[in-house]
Amino acid sequence: MERTLIIIKPDAVQKGAVGKILDRFIQEGFEIKALKMFRFTEEQAKQFYIVHRERPFYKELVEFMTSGPVVAAVLEGEDAIQRVREIIGPTDSEEARRVAPDTIRAKYGTDKGQNAIHASDSKESASYEIPFIFSALEQI
Ligand code: UDP
Ligand code: MG
């Protein structure tokens, strides 16, 4: 079994899509091992996305992720990191609607920036991101 982190981003929370998105992962066979709603401070969002600090979209990404509440969850399942990435779809929601219309980003995102959901992209990122968001006591 493997664990991965998802964060339902401010755009999807604002749209009222939290329940539908969590239900999709439950239907796909994942178990929710931790769950909470919170709002990132600027410092926290910068640190969470520190690998992107040199990218041109870093400032815009931090602004977006601090623009409203998010809902984070730890999901557990076989091959969870890769399978969850497949279910969320490509980074750009417009591309997702063309090539992968059944994905979460296709259904609930807008474009390359406002794309509804984050998911860990590797074992390395999951092992940074899960304890960044959830303490041991918050995970079952
Ligand atoms: N992003 C953006 N502009 C871009 C690329 C990415 O605003 O040109 C944002 C988008 O919200 C994305 C996040 O930065 O989800 C992290 O980018 P990454 O390349 O890691 O995409 P992901 O792993 O989320 O698919
Ligand atoms: Mg990424």
Side-chain angles (χ1 to χ4, degrees):
M1 284 293 182
E2 188 173 67
R3 289 185 178 206
T4 191
L5 180 86
I6 60 158
I7 301 176
I8 303 172
K9 296 185 179 185
D11 57 336
V13 174
Q14 173 65 32
K15 280 178 188 169
V18 170
K20 290 190 192 93
I21 291 171
L22 290 177
D23 189 56
R24 171 76 184 268
F25 290 113
I26 293 165
Q27 296 307 318
E28 297 274 1
F30 295 98
E31 277 190 41
I32 297 173
K33 294 293 181 180
L35 182 67
K36 67 180 164 190
M37 175 179 271
F38 62 96
R39 186 167 178 163
F40 277 111
T41 66
E42 185 181 338
E43 278 314 306
Q44 289 165 343
K46 281 183 172 166
Q47 200 58 37
F48 182 80
Y49 278 115
I50 194 74
V51 293
H52 293 315
R53 68 188 174 282
E54 306 294 344
R55 309 288 283 279
F57 57 81
Y58 185 58
K59 185 165 174 284
E60 188 185 345
L61 173 59
V62 169
E63 280 171 11
F64 171 46
M65 291 302 290
T66 57
S67 68
V70 299
V71 173
V74 174
L75 301 180
E76 185 178 88
E78 293 292 343
D79 207 12
I81 295 168
Q82 194 193 319
R83 281 176 53 222
V84 167
R85 288 293 301 197
E86 283 165 12
I87 293 164
I88 74 170
T91 304
D92 183 348
S93 287
E94 289 173 332
E95 181 196 346
R97 280 188 277 279
R98 289 194 298 272
V99 303
D102 195 37
T103 59
I104 289 169
R105 282 169 163 171
K107 289 181 174 169
Y108 305 111
T110 303
D111 54 25
K112 211 163 36 174
Q114 310 229 342
N115 57 4
I117 189 165
H118 167 87
S120 307
D121 66 2
S122 62
K123 282 186 195 292
E124 188 190 10
S125 63
S127 64
Y128 174 74
E129 291 172 0
I130 292 171
F132 188 98
I133 303 292
F134 291 105
S135 72
L137 277 172
E138 291 174 317
Q139 298 176 53
I140 60 166

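Atoms within each ligand, like the ligands themselves, are counted from 1 in listed order. Just the heavy atoms: all of them, side chains too, but no hydrogens, waters or symmetry mates, feed the values below.
No more than 12 heavy-atom neighbours from other residues, nucleotides or ligands sit within 6.0 angstrom of CD on E31. Around NZ of K59, the count of heavy atoms belonging to other residues, nucleotides or ligands within 6.0 Å does not exceed 12. Within a 6.0 Å radius of CD in E86, more than 12 heavy atoms belonging to other residues, nucleotides or ligands are found.
A salt bridge links E2 with K123; the closest basic N to acidic carboxylate O contact falls under 4.0 Å.
Under the 30°/60° scheme for interplanar angles, the aromatic rings of Y128 and F132 are found to be tilted.
In terms of heavy-atom proximity, N115 sits nearest to R105 at O-CG, 2.9 Å.
For ligand 1, the protein residues within 4.0 angstrom (heavy atoms only) are K9, H52, F57, L61, R85, T91, R105, K112, G113, N115.
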